[in-house]
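Read through the structure below, which is laid out as structure tokens, and then see the notes.
Note on naming: letters A, B, ... go to the chains in the order of the sequence lines (proteins, then strands), and numbering restarts at 1 for each one.
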2 protein chains.
Amino acid sequence: MSTSGFKRVPAIEKCFAILRLLTKSKAAMGITGISRALRYNKSTVFNIVHTLSDLGILEQMPDNKFNLGTDLYLLSRAAGKSSELIQIVHPYLEEINKKTKLSAFLGIRSGMRAVILDKVDSAFDIKISSEVGMRLPLLGGAGGRALLSQLPDREIERILAKEELPKFTPQSCVDKKRYLMMIRKAREERIAFDDEEYIEGIYAFAVPFRTGRQNLQTALWAVGLKRQVPKEMVQQFSELLKKMASGIEARFQLR
Amino acid sequence: MSTSGFKRVPAIEKCFAILRLLTKSKAAMGITGISRALRYNKSTVFNIVHTLSDLGILEQMPDNKFNLGTDLYLLSRAAGKSSELIQIVHPYLEEINKKTKLSAFLGIRSGMRAVILDKVDSAFDIKISSEVGMRLPLLGGAGGRALLSQLPDREIERILAKEELPKFTPQSCVDKKRYLMMIRKAREERIAFDDEEYIEGIYAFAVPFRTGRQNLQTALWAVGLKRQVPKEMVQQFSELLKKMASGIEARFQLR
DNA sequence: ATTCTCTGTTCTCCATATCGAACATATGTT
DNA sequence: AACATATGTTCGATATGGAGAACAGAGAAT
């Protein structure tokens with residue numbers, strides 16, 4: 001029995017499945033609701049949620065429904081502070097924002113989503129409306145293509161076979177063969193561009209980087225209004241993002 | 001076997017004990033370090049941390065040490081959004097801040113600490129350096145006394161018998177009998193004041209409120225420079241905080 | 001008032017997680 | 001290089017948690 005992939009403590013897996021369910025749920029949920037949604041036994045859910053309630057991780061309402069609790073909130077503020085990925089990358093996002101005046105993002109792939117882990121923009125900037133925690137479509141912009149470019153061809157082809165390419169704007173590419181070529185190009189050139197394909201009027205650069213961890217696709221990307229990115233700055237911004245990605249990779253490999 | 005106080009799923013209890021330990025730890029920790037700190041069996045810790053690592057709740061470093069992970073961070077952002085206590089109280093903190101220009105806080109008691117769960121101040125305000133997540137000494141200011149005032153006398157007396165009263169400033173009260181009277185006065189008048197007792201130059205008001213939940217002491221408090229609080233405004237600010245606390249209590253009792 | 005439906009709670013058996021011991025690997029010391 | 005120490009990993013016995021069934025209580029429908 002090896003350590004890879006095997007969930008050794010099912011109670012903990014169930015516990016976080018419940019927490020994630022309550023995260024997605026807009027309302028507090030009861031024991032039967034949780035049991036049905038996750039197909040767990042009611043007595044199992046009963047014991048887990050009461051344990052979590054005692055620990056302050058969940059709050060129990062008077063109507064016997066459960067919501068996320070304040071101790072989870074406090075626990076998680078520490079998690080953001082101590083995540084090595086966020087800590088290492090954050091200063092690079094700040095530098096990208098400072099030099100380009102674009103919003104800078106750190107994201108990872110999660111299934112068919114690009115999840116934003118961190119973001120830097122300034123008080124003076126035009127704010128891009130993606131926030132930390134948001135799950136953007138993977139097949140939707142430069143960030144997604146940069147993340148995809150880190151997958152093997154076989155996996156990319158499997159995804160493209162299964163999913164339709166959404167048409168977000170008139171510029172969106174919906175031809176799968178062409179899309180695959182764009183992902184490969186992103187891999188070769190180590191950068192992806194989004195010229196109004198996901199949101200009209202918006203331009204984005206995204207650069208994948210490696211952290212040495214298996215099964216983790218990471219990218220950083222810069223997003224702004226197209227008019228913030230004159231043609232003559234594209235090359236310069238591209239070089240900057242690649243330089244930042246190289247710096248990040250060096251940080252992960254010095255150990 | 002009743003639901004009260006009994007930890008039904010020990011693996012979950014151990015799991016959060018590990019997460020809290022890593023929160024407090026300034027560095028990543030290994031299996032043996034966690035095992036020693038919490039007096040758990042190494043194979044138990046081994047299984048739990050690898051399960052958490054697979055779930056993204058912990059990150060495993062190349063040197064086999066574990067740190068808090070990005071999924072915990074993302075989970076937590078939702079927790080702050082859905083905590084009923086924080087959601088109900090937040091608009092009242094905003095109103096306090098707007099009308100008094102003081103920094104407004106929501107806090108709860110945790111052992112001998114006052115833990116800040118939420119805070120509102122404005123761009124224009126002089127910033128008070130307490131942040132969300134901070135654990136302030138319970139015997140240290142208006143907020144702590146407001147929280148203490150919700151405990152039974154016996155518990156307060158037990159705490160005062162056991163702990164020394166710290167002298168933060170020349171104005172700090174270190175006489176236990178007098179301190180007990182101050183807590184009782186806070187209970188009777190439903191407000192506590194801090195006139196440079198915890199930090200010199202700082203004035204604070206704190207008002208306890210009830211949420212209907214057992215074993216939870218909650219208070220809201222407003223803090224600023226003493227010169228922001230002219231004598232003629234003390235009564236007015238006091239009435240405002242009491243009014244906010246009454247509004248909060250009404251919200252918790254309409255159900 | 002009675003019955004029905006739904007949710008929460010309790011109890012018990014058995015499949016399994018925890019613990020202790022032993023082993024494997026890495027690092028430090030001589 | 002050899003040895004000592006520390007940490008991580010594995011295995012099996014046993015104590016125990018999860019699941020299923022039954023029960024209790026609350027609310028809705030008649």
Side-chain angles (χ1 to χ4, degrees), chain A residues 1-22 25-55 57-67 69 212-214 254-255, chain B residues 1-19 21-22 25-55 57-67 69 84 212-214 254-255:
Chain A
M1 192 187 291
S2 74
T3 61
S4 60
F6 181 73
K7 301 292 195 294
R8 291 177 172 280
V9 189
I12 292 176
E13 188 181 8
K14 291 185 168 84
C15 162
F16 283 98
I18 290 170
L19 293 178
R20 287 193 173 103
L21 175 67
L22 291 171
S25 172
K26 296 215 177 5
M29 294 183 71
I31 288 162
T32 301
I34 294 169
S35 164
R36 281 190 178 132
L38 297 174
R39 303 208 203 295
Y40 293 160
N41 195 277
K42 281 196 295 177
S43 59
T44 303
V45 175
F46 179 88
N47 284 335
I48 292 175
V49 296
H50 280 286
T51 302
L52 291 170
S53 184
D54 288 342
L55 293 170
I57 300 302
L58 292 182
E59 288 173 5
Q60 182 175 12
M61 308 291 123
D63 62 349
N64 278 340
K65 294 206 173 356
F66 292 85
N67 219 339
R213 292 218 310 265
Q214 281 186 333
L254 291 175
R255 50 181 198 167
Chain B
M1 191 190 290
S2 74
T3 62
S4 61
F6 181 74
K7 299 292 194 295
R8 290 178 173 280
V9 189
I12 292 176
E13 190 182 5
K14 291 185 168 86
C15 161
F16 283 98
I18 290 170
L19 292 177
L21 176 67
L22 290 171
S25 173
K26 292 202 175 19
M29 292 184 73
I31 288 163
T32 301
I34 293 169
S35 164
R36 281 188 179 134
L38 297 174
R39 302 205 203 300
Y40 294 161
N41 196 275
K42 281 197 296 177
S43 58
T44 303
V45 175
F46 179 89
N47 282 336
I48 291 176
V49 296
H50 280 286
T51 301
L52 291 170
S53 185
D54 288 342
L55 292 171
I57 300 301
L58 292 182
E59 288 173 5
Q60 181 175 13
M61 307 292 123
D63 63 350
N64 277 341
K65 291 201 173 3
F66 292 86
N67 217 339
E84 189 189 33
R213 293 219 308 267
Q214 281 186 334
L254 291 174
R255 47 180 203 172

Between atom CD1 in Ile31(B) and atom P in dA26(C), what is the gap in whole Å?
14 Å
Is the side chain of Thr51(A) donor-acceptor paired with the backbone N or O of Val9(B) at a distance under 3.5 Å, no angle test?
yes
Rounded to the nearest 0.5 angstrom, the CG-CG distance for Leu52(A) and Leu58(A) is 4.5 Å
With a 4.0 Å cut-off on heavy atoms, is Arg39(A) in touch with a base, just the backbone sugar-phosphate, or nothing at all?
nothing
For the side chain of Arg36(B), counting heavy atoms from C-beta on, which of dG8(C), dT7(D), dT18(C) is nearest?
dT7(D)
Counting any heavy atom closer than 4.0 Å, what does Lys14(B) reach on the DNA or RNA strands: base, sugar-phosphate only, or nothing?
sugar-phosphate
Between dT7(C), dG8(D), dA19(D), which one does the side chain of Ser43(A) approach most closely?
dA19(D)
dT9(D) P sits how many Å from Gln60(B) CD, rounded?
7 Å
Interatomic distance where CD1 belongs to Ile34(B) and P belongs to dT9(D) [whole Å]:
12 Å
Mind checking the CD1-OG spacing from Ile18(B) to Ser35(B)? Nearest 0.5 Å is all I need.
9.5 Å
Here the distance between atom C1' of dA26(C) and atom CG of Asn64(B), to the nearest Å, is 10 Å
Taking OP1 and OP2 of dG8(D), is either one under 4.0 Å from a side-chain nitrogen or oxygen of Thr32(B)?
yes
How many angstroms lie between atom CZ of Arg36(A) and atom CE of Met29(A), to the nearest 0.5 angstrom?
10.0 Å
Return the nearest nucleotide to the side chain of Phe46(A); candidates are dT9(C), dG18(D), dT7(D).
dT9(C)
Counting distance alone, no hydrogens or angles: does the base of dG20(C) have a donor or acceptor under 3.5 Å from a partner atom on the side chain of Asn41(B)?
yes
Give the nucleotide from the list dT10(D), dG17(D), dA19(D) with an atom nearest to the side chain of Pro10(B).
dG17(D)
Side chain Thr44(A) and base dG17(D) donor-acceptor under 3.5 Å:
no
Ile48(A) has an atom CD1; how far is it from atom C1' of dG17(D), in whole Å?
10 Å
Is the closest side-chain heavy-atom distance between Tyr40(B) and Lys14(B) below 4.5 Å?
yes
In whole Å, what is the span from the NE2 atom of His50(B) to the C1' atom of dT18(C)?
16 Å
Interatomic distance, Met29(B) CE vs dA6(D) P [rounded to whole Å]:
16 Å
What's the CD-C1' distance between Glu13(A) and dG18(D), to the nearest Å?
14 Å
